[in-house]
There are 2 protein chains.
Amino acid sequence: MTTILDSEIDSQAAFYNIAAVERDTGLSKDTLRVWERRYGFPKPQRDQHDERLYSLPDLEKLRLLRLLIDYGHRPGKIINRSTAELSQMISARTPEKSPPPELAAIIDLLLQHDVERFRNALLQALMKQGLLRFVTETVAGLNHWIGEAWLAGRIAVFDEHLYSEHIQNILRNAIIAQPGRGSGPRVLLTSLPGEKHRIGLLMVEAVLTAEGAACVALGTETPIIDIKNAVPAYRVDVVALSFSSAITQTAALAGLAELRTLLPAAVEVWGGGGALARARKAAPGVLLLRSFDDLRYALERWRVENAQR
Amino acid sequence: MTTILDSEIDSQAAFYNIAAVERDTGLSKDTLRVWERRYGFPKPQRDQHDERLYSLPDLEKLRLLRLLIDYGHRPGKIINRSTAELSQMISARTPEKSPPPELAAIIDLLLQHDVERFRNALLQALMKQGLLRFVTETVAGLNHWIGEAWLAGRIAVFDEHLYSEHIQNILRNAIIAQPGRGSGPRVLLTSLPGEKHRIGLLMVEAVLTAEGAACVALGTETPIIDIKNAVPAYRVDVVALSFSSAITQTAALAGLAELRTLLPAAVEVWGGGGALARARKAAPGVLLLRSFDDLRYALERWRVENAQR
DNA sequence: CGTGGTCATATGTCTTGGACAATATAAGGA
DNA sequence: TCCTTATATTGTCCAAGACATATGACCACG
């Protein structure tokens, strides 16, 4: 096992072993080896025992490739282009749109790395608009703009991380401030394994809590079996799943359909998020929510239908 | 590519492919294969194309093995013992099977799935103890007990998810309630790719903020390159990384050493968390924090050393 | 013109068995 | 008791092959 430390100390040039590259790019060791075999890139140096040593430029190019593949390009088509070309593809992908004026001030503070004032701007927007409008307008708008800017490489990774953390702080703060009354349904809120985006879930939780529903939030990536087991334990009326555009629409619909078959008919299954925004129809007994208005409407409908009990 | 979803859905009996086992136990695919070759465990079934299908009992035993190895046992010595024996070794290790009395009430509410009262109990503990004691005593104690219970299979997956969400809500609520920055250093707070545990980071952020430091929290899994780029952007004085016991000590120390070489000498590098609790020494210029007292001491030392400027 | 189905290709993950570096343990000597 | 050296243990890497799934192209149908 050659540690990164050794390789960096022995020669001043920075080299990375395959485990470090997997960690930094998210590409598995198997993928890295098979790309080398099939496409000839990356073709790292070897140490005295034939173990791969990747260079920093290789790492940069691999990161660009990862970005473009996530956006929908095929590896085989782009892997042999130069780093400069790839970089250009990313900046050319989305025309440089400036954010809508009501968000521009907040985004400016983020891009200027002014943490304190960024935090305060978010808090002020929340105070001014109230939770519902803050979530459905400001946070949704910011998410959209930041997501696009991230794909286009116009925003640094660490800025995106900081944004996500602060939005989480604000939303969770707002959620906990709500009184815990329970006139509405008990809603179990989570995502399936592979879906790591938390902000969408928190937005839904904020809206539902504000509307008086009782949320049981399990965070992201709960295995289906465990969702099934949680339903009786928490006496849940509705299971709501969130799917960001990181997951394919097919996978999202399949997951919802499977969950539907596992749960008793009395428990409703709702699905929403970017991956389902363009979906036409789901499995029978699964409700698709394409907007926050849909969500509030679904809640109202549940209350009407279950008024007798 | 067989997804975990498929293997769990297609047959009602729960089977897990090797990628799912890697994800759930933290043991690499290579390790799982070499254990099978050398020790004969785990010896999973195969599907129609000779791919491994692990059973749920295998998964349980692997979890116990992982825990005992983390405590210092050698794989070869314990791998062929029965699950019951391993389970007994763990409970023998921790004399207190029941949680300490001051935590028992809170844990009971979690295990009884009483969401509202669980939330209120946490809030009350926070009010009563103040943020510092709440974090270093209550949250640390709960983490420890829940972590052990989870690894020993005494607590449901969804309960652990719910716990994590609520602790996050409370901690982020407390963090945002702090007044702005004080006199302390600017501390960049994050974890390296592969380290997904958020609660430790939030605990540190809460303590640092309470002590008057200005935190720049990037959440989990920030690639090293992006940490390097964030340091000048946010004019950071200290980079603090968290490593839970999900990562090996070797990997944690290597990551810290690599970061040290990438950052200017004026920027301090701190590391802490379960993975480093038993580490002897780190690379030169890297400070290991083995407790929250160490953290507060390091903060004080920084203030003294940087008082003149 | 859109919708759905079939086929070919592209792509990622899994397989085996061998090799060896890093780590832990044991043994020896100051 | 502490440090050094030898030995055993253990995790990671390698190679090339295989194949399931995802994607894209083509075609037929309403």
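Below, chain A is the first sequence line, B the second, and so on; all start at residue 1.
Atom CD in A:Gln45 sits roughly 18 Å away from atom C1' in D:dC14 (whole-Å rounding). Distance, B:Glu51 CD to D:dG17 C1': 13 Å, rounded to whole Å. To the nearest angstrom, P of D:dT9 lies 18 Å from CG of B:Leu65. Distance, A:Lys77 NZ to D:dG24 C1': 9 Å, rounded to whole Å. Rounded to an integer number of Å, the gap from CZ of B:Arg74 to C1' of C:dT25 is 7 Å. Atom NE2 in A:His73 sits roughly 15 Å away from atom C1' in D:dG24 (whole-Å rounding). If you take CD1 of B:Ile69 and C1' of D:dG11, they are 11 Å apart, rounded to a whole angstrom. To the nearest angstrom, P of D:dT10 lies 15 Å from CZ of B:Arg66.
A salt bridge does not link A:Glu36 with A:Lys29: none of the charged nitrogens is closer than 4.0 Å to a carboxylate oxygen. A salt bridge between B:Lys61 and B:Asp58 is absent, with no side-chain N of the basic residue lying under 4.0 Å from a carboxylate O of the acidic one.
Qualifying side chain to side chain donor-acceptor pair (under 3.5 Å) partners for B:Thr31, counting only residues two or more places apart in sequence or in other chains: B:Ser28. Partners of A:Glu85 according to the side chain to side chain donor-acceptor pair (under 3.5 Å) rule, which considers only residues two or more places apart in sequence or in another chain, do not exist here. Considering only residues two or more places apart in sequence or on other chains, B:Glu22 meets the side chain to side chain donor-acceptor pair (under 3.5 Å) condition with none of them. Under the ring-ring contact (aromatic ring centres under 6.0 Å, His included) criterion, A:Phe158 pairs with A:His113, B:Tyr234, sequence neighbours left out. Residues that satisfy the side chain to side chain contact (heavy atoms under 4.5 Å, CB included) test with B:Ile78, not counting sequence neighbours, are B:Leu65, B:Leu68, B:Ile69, B:His73, B:Arg81, B:Leu86, B:Met89. Every residue meeting the side chain to side chain donor-acceptor pair (under 3.5 Å) condition with A:Thr190, not counting sequence neighbours, appears here in chain and number order: A:Thr222. Looking at residues two or more places apart in sequence or on another chain, you find a side chain to side chain contact (heavy atoms under 4.5 Å, CB included) between B:Asp293 and B:Ser291, B:Arg296.
Listed pair A:Lys29 / D:dC13 meets the phosphate criterion, a side-chain N or O lying under 4.0 Å from OP1 or OP2. The phosphate of D:dT10 (OP1 or OP2) has a side-chain N or O of B:Tyr39 nearer than 4.0 angstrom. Proximity of A:Ser28 to the phosphate of C:dG12: no side-chain N or O atom is located under 4.0 Å from OP1 or OP2. Residue B:Arg46 has a polar side-chain atom (N or O) positioned under 4.0 Å from OP1 or OP2 of C:dT16. Listed pair A:Thr31 / C:dT13 meets the phosphate criterion, a side-chain N or O lying under 4.0 Å from OP1 or OP2.
Checking B:Gln48 against A:Ile18, the closest nucleotide of DNA chain D that is more toward the 5' end is the one next to A:Ile18. Projected onto DNA chain C by closest heavy-atom contact, B:Arg33 and A:Trp35 fall at different nucleotides, the more 5' of which corresponds to A:Trp35.
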Under 3.5 Å, which protein N or O atoms sit close to an N or O of nucleotides 17-19 of chain C? Give each pair with its distance.
unit_1 : atom_1 : unit_2  : atom_2 : d
C:dG17 : N7     : B:Arg37 : NH2    : 3.1
C:dG18 : N7     : B:Arg37 : NH1    : 3.0
C:dG18 : O6     : B:Arg37 : NH2    : 3.3

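For B:Arg52, taking side-chain heavy atoms from C-beta onward, the closest of the listed nucleotides C:dT16, D:dC14, C:dA10 is C:dT16. Distance from the side chain of B:Asn17 is smallest to C:dC14 among D:dC14, C:dT25, C:dC14. Set against C:dC14, D:dT12, D:dC14, the side chain of B:Ala19 has C:dC14 as its closest nucleotide. Side chain of B:Pro75, nearest nucleotide from D:dT9, C:dT15, D:dG11: D:dG11.
Heavy-atom contacts from other residues, nucleotides or ligands closer than 6.0 Å to OH of A:Tyr39 number more than 12.
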### Query
Given Watson-Crick or G-U pairs with both distances under 3.5 Å, what dot-bracket string fits DNA chain C, with | for other-strand pairs and [ ] for crossing?
||||||||||||||||||||||||||||||
